[in-house]
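We count ligands from 1, going down the list as the structure has it; atoms in each ligand are counted the same way.
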Amino acid sequence: MKKREMICIACPIGCHLEVIEDKTSEGGYIVKGATCKRGEVYGVKEMSNPTRLLTSTVKISGGSLKRLPVRTSSDIPKNRIFDCMKLINAVEVEAPIEMGDVIIEDILGTGVDIIASRSLH
Ligand code: SF4
């Protein structure tokens, strides 16, 4: 029986969760310690398919700053973060860039884009 303790990061309260495998329940796990539904969803997802939003920066030339803040357009699998960072670190873009511009499309075939978090001219 899989069982793990974790802190919920879905809000700043940070409830202490205990997630226990239970094949009879919906989602395959029971979550104890969650004081709201978001914590239950987080606990199950963290055990079955943990994902994260990724934020970083890329090199930019011709702009008012040397680095452009970027982020994933949605969550990516946690185990792909390291490989995504390698690609992000290798990218250099040229100003002007508008907030939301796609910097890397469909990174590592995840269906998620790396997009600009701000405009930079
Ligand atoms: S369980 Fe709910 S209240 Fe507790 S940290 Fe998670 S989101 Fe916040």
- Check Thr72, Val70, Ile114, Val91 against Ser56 for a side chain to side chain contact (heavy atoms under 4.5 Å, CB included) and give me the one that passes.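 Single pass found, and it is Val70.
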- Could you walk me through whether Ile30 and Val19 pass the side chain to side chain contact (heavy atoms under 4.5 Å, CB included) check? CA-CA 6 Å; Ile30 293 172; Val19 188; over 6 Å; no
- Query: Any side-chain heavy atom of Ile88 within less than 4.5 Å of one from Ile104?
  - Reply: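 Answer yes - side chains close enough.
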- Query: Does Ile20 reach the side chain of Asp22, with side-chain heavy atoms less than 4.5 Å apart?
  - Reply: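 No, their side chains stay 4.5 Å or more apart.
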- Task: Please answer whether the main-chain N or O of Arg71 pairs with a side-chain N or O of Thr55 as donor and acceptor at a distance below 3.5 Å.
- Result: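 Here the side-chain-to-backbone pair does not exist.
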- Query: Between Glu46 and Lys78, is the closest basic N to carboxylate O distance under 4.0 Å?
  - Reply: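 The answer is yes: the pair qualifies as a salt bridge.
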- Message: Which of the protein's N, O or S atoms come within less than 2.8 Å of atom 8 (Fe) of ligand 1, not counting waters?
- Response: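 Short answer, with waters excluded from the count: Cys11 SG.
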